[in-house]
Amino acid sequence: MRICYFDCFSGISGDMVLGALLDCGVDPSSLQEELEKLGLPGWRLEVERANKKGFAATSVKVLVEEKQEERHYEEIVALIAGSCLGERAKERALATFGRLAEAEAKVHGIRVEDVHFHEVGAVDSIIDIVGSCVALELLGIDRCYGSPVPWPGGSIATAHGLLPVPAPATAALLVGWPVRPTPLEAELVTPTGAALLTALAVPALPPLLRPERVGYGAGQMNLPDRPNVLRAVIAQAEQVPAGDSVVVVEANVDD
């Protein structure tokens with residue numbers, strides 16, 4: 001079984017996931033070609049090499065060439081479901097946006113159907129999420145796993161005003177996922193990163209792996225004590241953590 005392990009020692013965001021998967025060998029031209037099936041106008045990918053505190057990584061930016069409107073959850077679902085993308089990529093992308101919608105609905109006390117996205121409804125975030133799901137399909141990934149994530153402090157300006165870090169939607173998404181407190185005041189985990197991680201991965205690591213590729217995706221920050229990168233490990237798993245199992249014992253009793 002081919003797996004992808006996200007090592008989130010410096011956080012995770014949508015562009016970091018996409019960059020790490022490109023660094024693992026996804027062809028940017030093939031990715032662009034697949035993403036054009038969404039039918040979204042006015043954007044292009046810019047893929048560059050970056051250096052973060054001595055770590056060579058792949059940086060991905062979605063350059064938007066025209067003004068975009070915010071989108072409601074149902075609009076994004078229709079956009080993805082109605083596209084000609086591969087079924088596995090569509091399934092993963094819809095699961096990710098479903099997680100985001102549930103988190104936003106909980107934070108704002110509204111129905112999932114009424115959720116409209118600000119930051120994550122923009123073209124760049126749609127491309128980050130759908131692109132990551134397409135990249136997993138291009139790499140032939142069967143399952144994803146992830147490490148604990150840092151839980152920093154500070155605040156961030158959003159469409160809803162100044163909010164604590166992690167942002168409320170991010171905090172809601174990370175419920176049940178292992179976290180490590182850090183004194184850094186920076187948004188190390190974004191809503192798109194948390195949604196991708198918690199929708200597509202499980203917080204575990206198979207006990208026996210044969211790593212094939214290691215890639216690094218560059219974030220947009222320059223942190224004081226660590227490289228702002230996400231590490232992705234593509235590997236063959238000899239064994240995978242099992243879920244809950246039930247053993248049924250049947251017998252005939254001769255009395």
Side-chain angles (χ1 to χ4, degrees), residues 2 4 6 12-22 24 26-47 60-108 110-144 159 169-170 172-173 190-201 217 232:
R2 201 173 204 207
C4 178
F6 293 114
I12 184 170
S13 64
D15 58 337
M16 291 167 76
V17 173
L18 190 54
L21 295 175
L22 282 165
C24 284
V26 173
D27 176 47
S29 298
S30 299
L31 179 65
Q32 175 96 29
E33 184 179 340
E34 285 295 307
L35 288 172
E36 287 173 357
K37 295 177 181 179
L38 285 171
L40 284 173
W43 67 273
R44 63 184 175 87
L45 284 179
E46 181 181 85
V47 181
V60 181
K61 294 180 182 177
V62 181
L63 303 182
V64 180
E65 298 167 355
E66 57 187 67
K67 185 178 180 181
Q68 302 287 331
E69 299 179 357
E70 66 181 37
R71 291 172 171 82
H72 285 72
Y73 171 60
E74 291 184 341
E75 293 179 80
I76 295 175
V77 169
L79 177 74
I80 297 170
S83 72
C84 298
L85 292 166
E87 289 303 314
R88 189 70 185 276
K90 285 201 285 189
E91 177 186 317
R92 284 169 164 159
L94 290 171
T96 303
F97 272 107
R99 286 278 296 157
L100 271 170
E102 290 171 2
E104 291 283 355
K106 183 174 182 179
V107 166
H108 298 295
I110 60 176
R111 301 182 307 162
V112 169
E113 296 80 13
D114 297 330
V115 168
H116 64 278
F117 295 117
H118 299 286
E119 290 85 355
V120 297
V123 168
D124 55 345
S125 294
I126 293 173
I127 296 300
D128 282 345
I129 290 173
V130 178
S132 297
C133 296
V134 168
L136 289 169
E137 186 174 50
L138 292 174
L139 287 168
I141 300 301
D142 299 303
R143 292 189 187 179
C144 297
T170 302
L173 286 161
T190 67
T192 52
L196 282 163
L197 185 66
T198 59
L200 307 183

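Owing to the predicted nature of the structure, the values given are computational and were not obtained by experimental measurement.
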inquiry  = Can you confirm whether L21 sits close enough to C4 that some side-chain heavy atom of one is under 4.5 Å from a side-chain heavy atom of the other?
reply    =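 Yes, side chains in contact.
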
key: Side chain proximity check, R71 to V77, heavy atoms < 4.5 angstrom   =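 Contact flag for R71/V77 side chains = no.
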
Separation between [atom1] of [X] and [atom2] of [Y], rounded to the nearest 0.5 Å:
X	Y	atom1	atom2	result
I76	L100	CD1	CG	8.5 Å
L79	F97	CG	CZ	8.5 Å
E34	C84	CD	SG	10.0 Å
I127	W43	CD1	CH2	4.0 Å
R44	L35	CZ	CG	15.0 Å
L136	C24	CG	SG	10.0 Å

Nearest atoms (heavy-atom pairs only) where [X] meets [Y]:
X	Y	result
R99	L173	NH2-O, 2.8 Å
V130	A93	CG2-CB, 4.1 Å
D128	D15	OD2-N, 3.6 Å
V47	P28	CG2-CB, 4.3 Å
T192	G14	OG1-N, 3.3 Å
Y73	A101	CD1-CB, 3.6 Å

Neighbour count above 12 (heavy atom, 6.0 Å) for [X] [atom1]:
X	atom1	value
K61	NZ	no
E75	CD	yes
E36	CD	yes

request  = Mind running side chain to side chain contact (heavy atoms under 4.5 Å, CB included) on L31 and L18 for me, showing each step along the way?
outcome  = CA-CA 10 Å; L31 179 65; L18 190 54; 3.7 Å; yes

query = Could you walk me through whether C133 and L196 pass the side chain to side chain contact (heavy atoms under 4.5 Å, CB included) check?
reply = CA-CA 9 Å; C133 296; L196 282 163; 4.3 Å; yes

Acceptor/donor pairs from residues 85-92 side chains to any protein atom, 3.5 angstrom cut, sequence neighbours excluded:
from	atom 1	to	atom 2	distance (Å)
E87	OE2	K90	NZ	3.3
R88	NH2	D142	O	2.9
K90	NZ	A81	O	3.3
K90	NZ	S83	O	3.2
R92	NH2	I141	O	2.8

